[in-house]
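Right, one structure below, let's go through it.
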Amino acid sequence: MRYQDRYLRYTRARVSDPSLSRELVEAALGSMAVNWASVLASHCPAAEAWDILGSVIAQALRVRTATGRCNVVYRLLPPLQADVVVLRHRLCLSDEQAADLLGVEESVVASQLLMARRTVSQKQQHSEIRGTRII
């Protein structure tokens with residue numbers, strides 16, 4: 001699969017358990033295979049595949065405690081913004097690579113990254129006023 005390595009790197013960043021990460025990616029790929037006709041028929045198969053992977057990870061994280069360092073990002077930001085931050089800053093993908101993986105335009109990656117920076121900055125300013133630090 002074209003994105004399997006990137007899916008695995010992303011999942012490891014979220015889950016911090018190599019064997020669980022592999023199981024989750026395999027489960028997501030299995031779900032994609034079972035639903036292949038509908039994935040291909042969707043407006044953007046890459047985005048559909050990313051949604052499946054995200055759902056598998058979210059379900060696993062609901063069941064167990066999330067210990068990954070990047071999971072604080074998912075508590076602070078909307079899912080797409082958090083995904084962009086992890087792909088760009090944790091996995092060091094380019095805007096083009098992240099967009100390709102997410103099934104969106106490069107401009108979406110750039111705008112989501114900008115919005116994430118603004119959100120984190122605002123939350124840090126708010127928490128500093130209250131005497132706490134977020135990150």
Is Met115 reachable from Val73 through a run of I, L, V, M, F, W or Y residues, each pair having side-chain heavy atoms under 4.5 Å apart?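 In one cluster: no.
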When rounded to the nearest 0.5 angstrom, what is the spacing between [atom1] in [X] and [atom2] in [Y]?
{"X": "Ile57", "Y": "Leu61", "atom1": "CD1", "atom2": "CG", "result": "7.0 Å"}
{"X": "Arg6", "Y": "Thr11", "atom1": "CZ", "atom2": "OG1", "result": "13.5 Å"}
{"X": "Ile52", "Y": "Leu29", "atom1": "CD1", "atom2": "CG", "result": "9.5 Å"}
{"X": "Ser111", "Y": "Glu105", "atom1": "OG", "atom2": "CD", "result": "11.0 Å"}
{"X": "Tyr3", "Y": "Arg9", "atom1": "OH", "atom2": "CZ", "result": "14.0 Å"}

For the pair Gln97 (side chain) and Ser94 (backbone), establish whether a donor and an acceptor sit closer than 3.5 Å, ignoring hydrogens and angles.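 Indeed, once roles are kept as given, a pair shorter than 3.5 Å links the two residues.
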Checking Asp17 side chain against Leu20 main chain: does a donor-acceptor pair fall under 3.5 Å?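 A pair under 3.5 Å: yes.
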Locate the shortest heavy-atom distance separating [X] from [Y]; write the atom from each residue and the value.
{"X": "Ala60", "Y": "Leu24", "answer": "CB-CD2, 3.6 Å"}
{"X": "Val56", "Y": "Ala27", "answer": "CG1-CB, 4.2 Å"}
{"X": "Ala46", "Y": "Gly103", "answer": "CB-CA, 3.7 Å"}
{"X": "Leu93", "Y": "Arg88", "answer": "O-NH1, 2.6 Å"}

Any heavy-atom pair between the side chains of [Y] and [X] that's under 4.5 Å?
{"X": "Leu40", "Y": "Glu48", "result": "no"}
{"X": "Leu101", "Y": "Tyr7", "result": "yes"}
{"X": "Leu102", "Y": "Leu80", "result": "yes"}
{"X": "Tyr74", "Y": "Val86", "result": "yes"}
{"X": "Arg22", "Y": "Arg12", "result": "yes"}
{"X": "Thr119", "Y": "Leu76", "result": "no"}
{"X": "Val84", "Y": "Gln81", "result": "no"}
{"X": "Leu114", "Y": "Arg118", "result": "yes"}

Taking side-chain contact (heavy atoms from CB on, under 4.5 Å) as the test, write out the residues that go with Pro79, two or more places apart.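 Pro79 satisfies side-chain contact (heavy atoms from CB on, under 4.5 Å) with no residue once adjacent residues are dropped.
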Heavy-atom neighbours of Gln59 CD exceed 12 at 6.0 Å: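 Not more than 12 within 6.0 Å, no.
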Asp100/Arg2 salt bridge by N-O under 4.0 Å criterion: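 Yes.
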Kindly determine whether Val85 and Arg117 satisfy side-chain contact (heavy atoms from CB on, under 4.5 Å), including the steps that lead there. CA-CA 9 Å; Val85 168; Arg117 286 181 181 138; over 6 Å; no
Arg14 side chain to Tyr10 side chain, donor-acceptor N/O pair below 3.5 angstrom: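 Distance-only check passes for Arg14 and Tyr10.
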Listed partners of Asp51 passing side-chain hydrogen bond (donor to acceptor under 3.5 Å, both in side chains), at least two apart: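 Not a single residue meets the side-chain hydrogen bond (donor to acceptor under 3.5 Å, both in side chains) criterion with Asp51.
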